[in-house]
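A short write-up of the structure that comes next.
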Number of protein chains: 2
Amino acid sequence: MREAGVDARKRRILQAIIEDYVLTALPVGSRTISRKYETSLSSATIRNEMSDLEEMGYLAQPHVSAGRVPSHKAYRLYVDGLLQNGFAVNDDAKGFFTSQIRQMEDVVTSAAHAIAELTHYTAVVMMPKQLEQRISCLQLVPMPRGAALLVIVTDTGAIRDTVIKVSDRLDSDALFAISRLLTERLAGRTLQEVQEMLGVYARMDGPDARVLEGIASLAAQMEKQSAQDTVIIGGSHNILSYPEYSDVEKARAFLTALEKKDQLTRLLSHHEAPFMVHIGGESGIPDMQDCAIVTAGYQVGKGHRGAIGVIGPARMPYLQVLSTLGAVSEALTELLGE
Amino acid sequence: MREAGVDARKRRILQAIIEDYVLTALPVGSRTISRKYETSLSSATIRNEMSDLEEMGYLAQPHVSAGRVPSHKAYRLYVDGLLQNGFAVNDDAKGFFTSQIRQMEDVVTSAAHAIAELTHYTAVVMMPKQLEQRISCLQLVPMPRGAALLVIVTDTGAIRDTVIKVSDRLDSDALFAISRLLTERLAGRTLQEVQEMLGVYARMDGPDARVLEGIASLAAQMEKQSAQDTVIIGGSHNILSYPEYSDVEKARAFLTALEKKDQLTRLLSHHEAPFMVHIGGESGIPDMQDCAIVTAGYQVGKGHRGAIGVIGPARMPYLQVLSTLGAVSEALTELLGE
DNA sequence: GTTAGCACTCTCGCTCGTTGAGTGCTAACG
DNA sequence: CGTTAGCACTCAACGAGCGAGAGTGCTAAC
């Protein structure tokens, strides 16, 4: 056994192979490298190097007389290099949000669509959970026919509303008075506290029982929805463009796995570094064994963190994807920062 | 040339062929019919009848020694029969909504998902346009950090909100006073009128300019969104389950055509009869030449009409689909009726 | 260490029988 | 006259066999 190091030349060759394969999706041969990338070396030399790289586990041959295909280990090396050396974010991508932003949900969905559009991959965006939201304001807005719209706003700026029935004797002034009273009593409490308090009030069974009930159910809903991370998916059928998924069965398995968002949630919610790349089995999602999942974190307010990402075949232009994600993540951090 | 009528026996045979083909997606031969459906007739007799039916354009042969496949004309005949004879709605489907309904949008999306789930096809639901909505109430809800949530409610029960910045000197009482004033001035006006009126106010450039601006933009947005029919799509990748779309290219074309919702909108917005079935080219959508689109209308309030539907290969269990759509349409009419 | 040359391997695409399903036609039957 | 049995015929699907081409590993020379 000879030396086990990956010297600079091997690295260059490996990179060339990866980049060619990302472009063509075809096994790449020694001649291709010798002519297109390392013109100073002959194909025979490349062959020797490739043979070494194969032995080290960076390359694989679909069959003996085909070219080489980069292994997941190769992508890993390549990506680690990118992450270390850094890369420029793609500023074009930053202006891609057309806004029309209503609230967090809207930002997040439009981010998912933007990423999918920009990268032509499947995009995932995690909306971070917001523990311990405190009520900031409660308001009843009159609606036609004895109904009212109950709006709850929390200190983090989350808004949720629901339509409830109220006595039709209550005009807008009365509703405002109630709103005021409720806000006074409930402002500053966490969603959980509110639910507990209302459990007590509810027994009184006054004329406002329906209102209180509405608040309780809305608070419960908000808490449930905010206690768990939510993942939004965009461009799910972009995957069909790639030869890796020309097999319909595989495509279907992929799309079905996407539906079950819990696995993705698990992956995205433990997001630490600014960028992460899960190649192949590293993601732990069985139906995405051949996929790479590239993710970037973003900051929302103080302390809360979310993540955005892209899912596609392991053969992926990592540099480009990373720089796009970087840009969107920055835009998102800015947008949600305040 | 012999007689051109489709007698009862031909009809029965045709129906058998359709039903078998819907099940198997395989060309059906004379022997199959003779053994599984018309046991009193020999395969030779069936062959003669099939030959007639082919001449009349109801059947086609993929190649000379394959069985027969029903033509679009055959489906048309079959469906017309179903529509004339009537069918029972599938009551199981009616209870499928788990509610959690916030407002119209929610009803409509959950309907789309329910239909997709129930039929295993791609579901489309049209939210009808609502011309001439009149403002019923305007309300500013205080939010942290000098922001406010502006909520507009119309007489049809549509709700829209947006976050705007306001002077942070305005407390909840002040906001209520403004809300009251605005409601007084604007209630009963159409969205269009409101926009016109605000054009005048805006020139005054008072401290509330931002509020008025917010109202105007929200009204514009509501009007834009309600003036055109909106189509929601659910279960778009169900199509991948069908052998007709085992070709990825076809699947991709289909999904891309789905994205361009305008063609579907055109189809759904001219919905007259309670049920309609567009087979093959009848839909006028090029990328859905081999599809059938089954739609059902529903009633929302007085006069407004929407439509729900299912898109899949022309080979479709029409009876089942129609009865499911019937049920959902009824449920929807009930839910949105009041 | 690099390179030219060469034998070798294996996929891909092609052709060519073979098989089997299903038809159309004809002649016989009730 | 409608129905049926029988039979020849057609054609897709499948698999085997073959040649071409791409790409390799190895060896020997530079």
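Keep in mind that the numbers below use all heavy atoms, side chains included, and drop hydrogens, waters and symmetry copies. So you know, we letter chains A, B, ... as the sequences are listed, proteins then strands, and number each from 1.
For the contact set between residues 26-50 of chain B and DNA chain D, defined by any heavy atom under 4.0 Å, the members are B/Ser40, B/Leu41, B/Ser42, B/Ala44, B/Thr45, B/Arg47, B/Asn48.
Within the 3.5 Å criterion, the main-chain N or O of A/Gly297 finds a donor-acceptor partner in the side chain of A/Ser329. The backbone N or O of B/His278 sits nowhere less than 3.5 Å from a side-chain atom of B/Ser283 that would complete a donor-acceptor pair. A side-chain donor-acceptor contact under 3.5 Å links B/Thr324 to the backbone of B/Gln320.
Note: B/Tyr242 and B/Tyr121 have parallel aromatic rings, judged against thresholds of 30 and 60 degrees for the angle between ring planes.
For the pair B/Gln61 CD and D/dC11 P, the computed distance is 11 Å after rounding to whole Å. Atom-to-atom, CG of A/Leu59 to P of D/dG23 comes out at 15 Å; the value is rounded to the nearest Å. Spacing between atom CG of B/Leu53 and atom C1' of C/dG24 amounts to 16 Å, rounded to whole angstrom units. Residue B/Ile17 contributes atom CD1, which lies 13 Å from atom C1' of C/dT23 at whole-angstrom precision. To the nearest angstrom, C1' of C/dT9 lies 9 Å from NE2 of A/His63. B/Glu55 has its CD atom 13 Å from the C1' atom of C/dG24, to the nearest Å.
Nucleotide D/dA28 forms a Watson-Crick or G-U wobble pair with C/dT3, both donor-acceptor distances falling under 3.5 Å.
Classification of B/Arg315 and B/Asp290 as a salt-bridged pair fails, no side-chain N sitting under 4.0 Å from a carboxylate O. Between A/Glu282 and A/Arg76 there is a salt bridge, with a side-chain nitrogen of the basic residue lying less than 4.0 Å from a carboxylate oxygen of the acidic one.
With distances taken from any side-chain atom of B/Arg68 to the nucleotides C/dT23, C/dT9, D/dA12, the minimum falls on C/dT23. When distances run from any side-chain atom of B/Ser65 to the nucleotides C/dT9, C/dG22, C/dG24, the shortest one goes to C/dG22. If you check D/dT10, D/dT24, C/dT2 against the side chain of A/Arg9, the one that comes closest is C/dT2.
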